[in-house]
Amino acid sequence: MLHWTLRQWWSEPSRAVLVTAVFAGVVALNLLFEGIRAGVLGDLHDFSASLPADLVALEKDSVRFVFSDSSLAQLSRQRAEAAVPGLEAHPIVLVPFIARRNGFQSPAMLIGFDTLGGPQLLAAGRAPTVARDIVIDENLARLQGIRLGDRIEIFDAELEVVGLSRGTTSPFMPHAFMTYDR
């Protein structure tokens, strides 16, 4: 069988090249999409693993860590802290967005944090407060020409860049930080 296949390919070299190119294209696309999937899942895992906490809890049956509505009662945090002496619960919300400025667009992840989960290392500036403050990744700031004190618009809200974070980017999306209450 192999002998006949090889003879067929030698007799029609253009067909052999075409079949090889199609097969290589399918394999390449499969590897590309699998790499993107693994990268996005890796980014989500790396973020939760980098949080300064002994335990990171997700809701049962939650299929998405990003931008999913919580089914927890609003006062669940206070109940959990009251039930276990010394427990501190720090809510975090992740919302993907497109950063747009000067004709440049980039996917990014907005992280809303309470007291933990904010930028661990600032390259410049300060951490955000409940005012209209935001901290963005220094790589995103460099790409879009953003400096401390600039005002940027995210979800129709104008925010002032008060800090630049370091080490908060990945191949797929840089992070931006604001307070949970904002």
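Just so you know, residue 1 is the first one in the sequence shown, and it goes up from there.
Between Pro128 and Val135, the shortest heavy-atom contact is CD-CG2, 3.3 Å. Considering every non-hydrogen atom in both Leu140 and Ala108, the closest pair reads CD2-CB, 4.4 Å. The shortest heavy-atom contact between Gln144 and Ala99 is NE2-O, 3.0 Å. Taking each heavy atom of Asp150 and Gly145 in turn, the nearest pair found is OD2-O, 3.9 Å. The minimum heavy-atom distance linking Leu122 with Ala127 is given by the pair CD1-N, 3.6 Å.
Residue Phe155 is grouped with residue Val161 when hydrophobic side chains (ILVMFWY) are merged at heavy-atom distances under 4.5 angstrom, including chains of intermediate members. Under the 4.5 Å side-chain heavy-atom criterion for grouping Ile, Leu, Val, Met, Phe, Trp and Tyr, Val17 is not connected to Val19 through any hydrophobic cluster. Taken together through direct or relayed side-chain contacts under 4.5 Å among Ile, Leu, Val, Met, Phe, Trp and Tyr, Leu143 and Ile136 form parts of separate hydrophobic clusters. Tracing side-chain contacts under 4.5 Å through hydrophobic residues (I, L, V, M, F, W, Y), one reaches Phe23 starting from Leu31; they form part of the same cluster.
Annotation: side chain of His175 is not in contact with side chain of Ser165 (no heavy-atom distance under 4.5 Å). Side-chain contact check for Leu164 versus Asp137: every heavy-atom pair is 4.5 Å or farther apart. Ile134 places a side-chain heavy atom less than 4.5 Å from the side chain of Leu110.
The existence of a salt bridge linking Arg132 and Glu160 is excluded, since no basic side-chain nitrogen approaches an acidic carboxylate oxygen closer than 4.0 Å.
Residue Arg15 places its CZ atom among 12 or fewer non-hydrogen atoms of other residues, nucleotides or ligands, all under 6.0 Å distant.
Here the CZ-CD1 distance, from Arg101 to Ile152, works out to 7.5 Å after rounding to the nearest 0.5 Å. Here CG of Leu159 is found 7.5 Å from CZ of Arg151. Values are rounded to the nearest 0.5 Å.
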